[in-house]
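Everything below concerns the one structure shown next.
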Amino acid sequence: MAAPSSSDAERQRDKDRTRADILDVATREFADKGYTGARVDEIAERTSTTKRMIYYYFGGKEQLYIAVLERAYLAIRALEAELDVEHLAPEDAIRRLAELTFDHHEAHPDFIRLVSIENIHRAEHIARSEVLGGLANPALDGLAQILERGRAAGRFRTDVDPLDVHMVISSFCVFRLANRHTFAAIFGRDMLDPNRREHYRSMLGDMLVDYLTS
């Protein structure tokens, strides 16, 4: 089989760049305005393309929204898969996993808004994704291995469900961003205050280790 010509390769790169640009803009549009409020016409205008071209790449508004969700979830799952903690003690490994989630969520507030929006829609779009359903087990594999090492070493309690630990990590990290404004209005504290960042980051790890070693 003949190798692709340079012109074919360039066309593919152009397609990939266009698709990535559309997803970048669509991510912000859906995160800011929700699924219902977002407009494909606006996304097209801000990407200097056309509504027809967006439909060509993605099929429609719902498919574009699902593609945005898929890319957002795949990004955090890829980071988790690349995390190398086998050389660390179980306590340090669980802290490192929690810190990875903490750092990712803080750096990607659009991800938090997308998750909140999708929960408003009762995950009906995620349920239609052929990609996201297959991410559940890999998301827990690394965590389960850390917990197993901790149990084998006699350091972690034996009645821990990996999904429960994942829920604790996720709930802390998501709450800190999703409820930032209401929390500040009620209690007068900005949970994203840089002066308290390391306190919260360490606090999450402390809670997990205290629970796992109790």
Side-chain angles (χ1 to χ4, degrees), residues 31 35 66 68-86 88-129 131-153 155-183 186-187 189 191-192 196-214:
Y35 175 72
I66 290 173
V68 165
L69 291 172
E70 289 173 347
R71 190 176 70 156
Y73 273 98
L74 284 168
I76 179 64
R77 295 291 90 92
L79 288 175
E80 291 167 347
E82 293 171 2
L83 185 65
D84 179 15
V85 294
E86 291 186 6
L88 298 177
E91 294 91 342
D92 293 332
I94 202 71
R95 285 182 184 275
R96 184 67 194 93
L97 177 61
E99 290 167 356
L100 179 146
T101 305
F102 185 98
D103 294 344
H104 171 273
H105 287 13
E106 183 179 75
H108 298 85
D110 283 349
F111 174 72
I112 305 302
R113 287 193 285 269
L114 288 169
V115 172
S116 299
I117 290 163
E118 184 57 7
N119 273 286
I120 290 173
H121 291 278
R122 302 183 181 184
E124 64 181 79
H125 304 98
I126 283 181
R128 294 181 187 134
S129 168
V131 172
L132 295 177
L135 293 180
N137 290 335
L140 297 178
D141 285 347
L143 176 54
Q145 290 170 13
I146 295 171
L147 296 178
E148 180 55 39
R149 286 203 293 118
R151 286 192 292 265
R155 299 181 181 181
F156 286 174
R157 56 194 293 172
T158 60
D159 60 345
V160 176
D161 180 355
L163 187 56
D164 287 344
V165 178
H166 176 77
M167 180 177 65
V168 171
I169 296 172
S170 180
S171 60
F172 186 97
C173 296
V174 170
F175 183 95
R176 179 170 167 261
L177 282 97
N179 294 350
R180 173 191 183 184
H181 300 292
T182 52
F183 202 84
I186 294 170
F187 297 105
R189 175 177 291 180
M191 290 187 287
L192 265 64
R196 300 187 66 85
R197 182 180 190 274
E198 287 308 313
H199 164 71
Y200 288 131
R201 200 168 182 261
S202 298
M203 178 179 162
L204 174 57
D206 290 344
M207 289 191 300
L208 290 166
V209 172
D210 285 351
Y211 168 65
L212 292 172
T213 58
S214 63

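Note that CD1 of Ile66 and CZ of Arg71 are 15.5 Å apart. Values are rounded to the nearest 0.5 Å. Note: Ile186 CD1 to Asn179 CG = 9.0 Å, rounded to the nearest 0.5 Å. With rounding to the nearest 0.5 angstrom, the NE2 atom of His108 is 11.5 Å from the CG atom of Leu114. Rounding to the nearest 0.5 Å places CZ of Arg95 at 11.5 Å from CD1 of Ile169. Atom CD of residue Glu124 and atom CD of residue Glu118 lie 6.5 Å apart, to the nearest 0.5 angstrom. A distance of 7.5 Å separates CG in Leu204 from CZ in Phe102, rounded to the nearest 0.5 Å.
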Fill in: Derivation and outcome, salt bridge (Lys or Arg N to Asp or Glu O under 4.0 Å), residues Asp103 and Arg197
CA-CA 10 Å; Asp103 294 344; Arg197 182 180 190 274; 2.8 Å; yes
Discussion item. Using side chain to side chain contact (heavy atoms under 4.5 Å, CB included), reason through Val85 and Leu97 one step at a time and then give a plain yes or no.
Written reply: CA-CA 8 Å; Val85 294; Leu97 177 61; over 6 Å; no
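Within the 4.5 Å cutoff, the side chain of Asp161 has no heavy atoms near those of the Leu147 side chain. Residues Ile94 and Leu143 are in side-chain contact: their nearest non-hydrogen atoms beyond the backbone lie under 4.5 Å apart.
Of the candidates Leu212, Thr158, Ile146, Asp159, Arg151 forms a side-chain contact (heavy atoms from CB on, under 4.5 Å) with just one, namely Thr158.
For Asp141 and Arg77, the salt-bridge test fails: no basic side-chain N is under 4.0 Å from an acidic carboxylate O. Ionic pairing of Glu106 and Arg176 is present here: one or more N-O contacts between side-chain nitrogen and carboxylate oxygen are shorter than 4.0 angstrom.
Other residues, nucleotides and ligands contribute more than 12 heavy atoms inside 6.0 Å of the CD atom of Glu198. More than 12 heavy atoms of other residues, nucleotides or ligands shown are found within 6.0 angstrom of CZ on Arg196. More than 12 non-hydrogen atoms from other residues, nucleotides or ligands lie less than 6.0 angstrom from CG of Asp164.
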